Amino acid sequence: MSYIDLQENPQYDIHFVRYEDLLSDPVATVSKLAAWAGLPSGPAAVEWAVAQSDFVNMQKMEARHGLKLFDKEYSKDTRAEEFRLIRKGQVGGWRDDPACSG
């Protein structure tokens, strides 16, 4: 059984977010996610979250500060120096990234 199968099971409280939905309608997608998670989901909170997670802003934050949770699990010593988690901001862009090939 896959986690996808569990979305139809009322025993589990699962909310799926597709990257494509975030790209096509970020405000509605984040609003639904925030409401599901019990987080502030009013217009100001959602607009702030969407602005903070803008692709260009995320690249700047990664370059400036790294990604603390990711860096904690995957040491910079164990991955290629050119590896970036925030790469192209395109659906499927990871497929063309040599740092992601295994």
Side-chain angles (χ1 to χ4, degrees):
M1 178 180 292
S2 160
Y3 69 92
I4 294 172
D5 299 324
L6 298 177
Q7 71 182 339
E8 302 300 327
N9 186 330
Q11 181 180 359
Y12 299 96
D13 186 15
I14 297 174
H15 182 82
F16 285 90
V17 176
R18 294 178 341 122
Y19 184 62
E20 294 83 355
D21 296 335
L22 282 169
L23 289 177
S24 67
D25 195 351
V27 172
T29 304
V30 171
S31 181
K32 289 175 189 174
L33 174 63
W36 171 80
L39 298 170
S41 58
V46 170
E47 290 290 343
W48 179 86
V50 168
Q52 290 300 304
S53 58
D54 172 75
F55 176 73
V56 172
N57 193 36
M58 295 284 291
Q59 276 191 318
K60 288 178 183 177
M61 286 190 289
E62 180 181 22
R64 222 178 287 135
H65 307 291
L67 299 167
K68 292 178 185 178
L69 292 175
F70 185 81
D71 292 343
K72 181 179 174 183
E73 295 296 322
Y74 302 97
S75 163
K76 291 181 181 180
D77 298 333
T78 63
R79 63 182 191 255
E81 186 172 330
E82 68 277 3
F83 177 83
R84 297 290 177 266
L85 189 61
I86 313 300
R87 294 177 293 274
K88 294 181 180 180
Q90 299 172 345
V91 174
W94 61 273
R95 290 183 187 107
D96 300 326
D97 190 329
C100 295
S101 62

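Given the structure is predicted, the values throughout are model-derived calculations rather than measurements.
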State, to 0.1 Å, how close [X] and [Y] come at their nearest heavy-atom pair, and which atoms those are.
X     : Y     : answer
Pro26 : Val50 : O-CG2, 3.9 Å
Ser41 : Ala34 : CB-CB, 3.8 Å
Gln52 : Asn57 : O-ND2, 3.0 Å

Atom pair CG/NE2 of Leu33 and His15 - distance to nearest 0.5 Å |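 Leu33 CG to His15 NE2: 5.0 Å, rounded to 0.5 Å.
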Could you grab the distance from atom OG1 of Thr29 to atom CG of Leu23, nearest 0.5 Å is fine?
->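 Taking OG1 in Thr29 and CG in Leu23, the distance rounds to 9.0 Å.
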In this structure, would [X] and [Y] fall into the same cluster of hydrophobic residues linked by side-chain contacts under 4.5 Å?
X     : Y     : value
Phe55 : Val30 : no
Tyr19 : Trp36 : no
Leu22 : Val46 : yes

Got a sec, which residues hit side-chain hydrogen bond (donor to acceptor under 3.5 Å, both in side chains) with Trp48, two or more places apart in sequence or on another chain?
->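 Once residues adjacent in sequence are excluded, Trp48 has no partner under the side-chain hydrogen bond (donor to acceptor under 3.5 Å, both in side chains) criterion.
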